[in-house]
Amino acid sequence: GVSHVLTLVLQELSLLCKRDVNGVGMLYDLLRSRWLQALLKIYECLQHYLGKRPAPVTLQARALAREVVELLREAPQSGEIKELRRLLRAPHLKAALLSAHDTVAQKDFEPTLPPLPDNIPENEEAMRIVCLVKNNQPLGATIKRHEITGDITVARVIHGGLADRSGLLYAGDKLVEVNGVPVEGLEPEQVINIL
């Protein structure tokens with residue numbers, strides 16, 4: 001794998017180090033570093049897992065759990081059956097675990113975007129639809145009202161924030177819609193509440 005290739009490269013570099021070729025010593029030390037070796041081992045483990053990743057037995061675990069609960073309702077009621085029904089109906093199992101399973105099994109990771117509106121003016125500059133999933137973290141951008149046009153625009157993108165890391169928002173971008181709500185005529189504070 002990758003570790004074997006790195007070992008061969010290190011052997012070649014050690015020969016070049018003895019001849020004192022420019023920069024080879026630094027490259028040799030870099031490739032021999034413990035952190036790079038650890039990263040390569042992690043990479044190989046991930047590649048191994050991807051080659052043998054398990055396939056889900058069902059894409060609809062939540063529906064299957066509901067079906068089992070219904071079947072258990074008709075079964076003779078023992079303590080174990082009551083406990084199993086209680087577990088399968090528990091919100092943390094249904095909403096969290098089974099829902100997460102179905103999302104992963106169906107590979108449904110991306111949010112669905114609404115279709116582009118039909119009434120985009122011909123002379124309009126290019127428009128991008130940007131979808132950022134915040135997960136309880138700040139957007140990492142400030143907005144303002146443009147002095148001349150009155151449009152709501154991105155005033156600043158904060159370095160290292162979600163907007164910056166995504167590479168999708170830039171200072172000066174005009175906001176047309178946020179979370180499906182048109183922002184024309186709204187105050188910046190109202191738009192912040194929608195975000």
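FYI, side chains are in, hydrogens and waters are out, and symmetry mates aren't considered; it's all heavy atoms of this structure. Quick caveat: nothing in here was measured; it's all calculated off a predicted structure.
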For the residue pair [X] and [Y], establish whether any side-chain heavy-atom pair is separated by less than 4.5 Å.
X      : Y      : answer
Pro182 : Val176 : no
Thr153 : Ile143 : no
Arg85  : Gln77  : yes
Asp164 : Ile158 : no

Using the rule that two of Ile, Leu, Val, Met, Phe, Trp, Tyr join whenever any of their side-chain heavy atoms come within less than 4.5 Å, decide whether [X] and [Y] are in one cluster.
X      : Y      : value
Val178 : Val181 : yes
Leu186 : Ile192 : yes
Ile194 : Leu139 : yes
Val69  : Leu87  : no

Is the CD atom of Glu67 crowded by more than 12 outside heavy atoms at less than 6.0 Å? no

More than 12 heavy atoms from other groups under 6.0 Å of CD on Glu184: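 Result for CD/Glu184: open.
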
Search all heavy atoms of [X] against all heavy atoms of [Y] and return the closest pair with its distance.
X      : Y      : value
Ala163 : Gly140 : CB-O, 4.0 Å
Pro138 : Leu162 : O-CB, 3.7 Å
Tyr170 : Asp173 : N-OD2, 2.9 Å
Val157 : Ala171 : CG2-N, 3.9 Å
Ile81  : Ala75  : CD1-CB, 3.9 Å

For the pair Leu88 and Val68, evaluate side chain to side chain contact (heavy atoms under 4.5 Å, CB included) and give the outcome as yes or no after the intermediate values. CA-CA 8 Å; Leu88 288 175; Val68 169; 3.6 Å; yes

OG of Ser78 to CG of Leu72, rounded to nearest 0.5 Å, is 9.0 Å

Atom CZ of Arg165 and atom CG of Leu132: how far apart are they, to the nearest 0.5 Å?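 One gets 10.0 Å once the value is rounded to the nearest 0.5 Å.
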
Less than 4.0 angstrom from a charged side-chain N to a carboxylate O is my criterion; do Glu44 and Lys41 meet it?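 The answer is no: the pair does not qualify as a salt bridge.
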
Is the side chain of Asn193 donor-acceptor paired with the backbone N or O of Gln190 at a distance under 3.5 Å, no angle test? no

Pick out which of Lys144, Arg145, Lys174 makes a salt bridge (Lys or Arg N to Asp or Glu O under 4.0 Å) with Asp151. Lys174

